[in-house]
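Have a look at the structure below, then the notes.
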2 protein chains.
Amino acid sequence: MVLKLRKNKAEALPPLCAVGECMALLGGAWTPNVVWYLSAGARRFGELKADMVPVSAKVLSARLKDLEDKGVVTRCVMPTSPPSVEYALTELGAELVPALKAIVSVGQRLKARRAEAA
Amino acid sequence: MVLKLRKNKAEALPPLCAVGECMALLGGAWTPNVVWYLSAGARRFGELKADMVPVSAKVLSARLKDLEDKGVVTRCVMPTSPPSVEYALTELGAELVPALKAIVSVGQRLKARRAEAA
DNA sequence: TAATTTAGTTACTAATAGTAACTTGATTTA
DNA sequence: TAAATCAAGTTACTATTAGTAACTAAATTA
């Protein structure tokens, strides 16, 4: 491909409301789950994948890469064998936790309600 | 189209963690924004669209339809001329508001930080 | 030597979102 | 009386994102 005339990217930034500001970090499939599970401490790729059945390796690795790029998580290759990779929240990531707690708390209420209805 | 043999829909429900339970209602582009703006009171289609620049009419109407189906918002055609349509949160919708407040509060901190960095 | 484990990637399809123009039935304006 | 405007969408088309399933690579254990 020959350079490619920039097209519809970042030409006009949308106005930043507070919802959007936070959802820019928390948006995308499985993102809230990743942050939530990491809020309990560092976790390896395979552990996260198991936590989040039925996420696929593809989406999980894409999400972790996005979050790393945005400064929400760190990625650390551990000198084990076979080598394993640990992900953890950064300080920025930790700031998202209160939002996650609120989401989980609402989720628990909904879930309880659904259980009692059944 | 001739009936269409059901394909990859609801064959195996994913395990319901609390994050997923809440995000099932709050997921999808612009959904948190809709709930947030409606948390301040009923609002017409055009008002919401203006609140949420640069959402498109297509996505906004899809989102409102989804939310209505899920029991999060009500849709009420008003006898004005031209007829207008008012959307409002249901009780279920109102239960999502604490999560939105937490999201907005985190968003405001991020926004403030970004402002001071500039 | 073969199977297992960890952490992914790849190719392909399906679903979701974005863009821009169009619709319908009034009503206000020229 | 005709033209422009407004509300609330819809439509056709493209682009981006997510899901599925199979595959890779290096090291280790059986």
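So that the names make sense, note that chain A is the first sequence line, chain B the second, and so on, each numbered from 1. Remember, predicted model here, so these are calculated numbers, not experimental data. Scope of the values below: all heavy atoms of this structure, side chains included, with no hydrogens, waters or symmetry mates.
Take the nearest nucleotide of DNA chain C for B:Val59 and for B:Pro82: the residue whose nucleotide is more 5' is B:Val59. If A:Ser81 and A:Val55 are placed on DNA chain D by their nearest nucleotide, the residue sitting closer to the 5' end is A:Val55.
Residue B:Ala29 is classed as a sugar-phosphate contact, given heavy-atom separations below 4.0 Å to backbone atoms only. Note on A:Ser84: only backbone sugar-phosphate atoms sit closer than 4.0 angstrom, heavy atoms only; bases stay farther off.
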(message) side chain to side chain contact (heavy atoms under 4.5 Å, CB included), that's the test. Do B:Leu96 and B:Leu26 meet it? Break it down for me.
(response) CA-CA 8 Å; B:Leu96 301 173; B:Leu26 240 39; 3.7 Å; yes
(request) Go through the steps to decide whether B:Leu38 and B:Leu48 satisfy the test side chain to side chain contact (heavy atoms under 4.5 Å, CB included), and finish with yes or no. (result) CA-CA 8 Å; B:Leu38 290 181; B:Leu48 283 174; 4.0 Å; yes
(message) Quick one, A:Leu25 with B:Leu110, criterion side chain to side chain contact (heavy atoms under 4.5 Å, CB included). Give me CA distance, side-chain angles, the key distance, then yes/no.
(response) CA-CA 10 Å; A:Leu25 300 182; B:Leu110 299 177; 3.8 Å; yes
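Following rounding to the nearest Å, B:Leu60 (CG) and C:dA17 (P) show an atom-to-atom distance of 12 Å. Between the C1' atom of D:dG19 and the CG atom of A:Asn33 lies a distance of 15 Å, rounded to the nearest Å. Straight-line distance from the CZ atom of B:Arg43 to the P atom of D:dA7: 13 Å, rounded to whole Å. Put simply, NZ on A:Lys58 is 10 Å from C1' on C:dT13, counting in whole angstrom units. As a whole-Å value, the separation of A:Met78 CE from C:dA7 C1' is 14 Å. Taking atom CZ of residue B:Phe45 and atom C1' of nucleotide C:dT23, one finds them 14 Å apart after rounding to whole Å. Rounded to whole Å, the distance from CG on B:Leu48 to P on D:dA8 is 9 Å. Atom P of nucleotide D:dA18 and atom CE of B:Met23 are separated by 12 Å, given to the nearest angstrom.
Taking only side-chain nitrogens and oxygens, A:Arg75 comes nearer than 4.0 Å to OP1 or OP2 of C:dG8. For the OP1/OP2 pair of C:dG8 and a distance below 4.0 Å, the side-chain nitrogens and oxygens of A:Ser61 include no atom meeting the criterion. One finds no side-chain N or O of B:Lys49 lying less than 4.0 angstrom from the OP1 or OP2 phosphate oxygen of D:dC6. Phosphate proximity of D:dA7 to B:Tyr87: absent, as no side-chain N or O sits under 4.0 Å from OP1 or OP2. Dashed line: the shortest gap from a side-chain N or O of A:Arg63 to OP1 or OP2 of D:dT17 is not under 4.0 Å.
Side-chain proximity of A:Val85 to D:dA8, D:dT10, C:dA7: nearest is C:dA7.
A:Val19 and B:Pro32 make their closest contact through CG1-CB, 3.8 Å (heavy atoms, listed as atom of the first residue, atom of the second, distance).
No more than 12 heavy atoms of other residues, nucleotides or ligands lie within 6.0 Å of NZ in B:Lys101, so this atom counts as exposed by the packing criterion.
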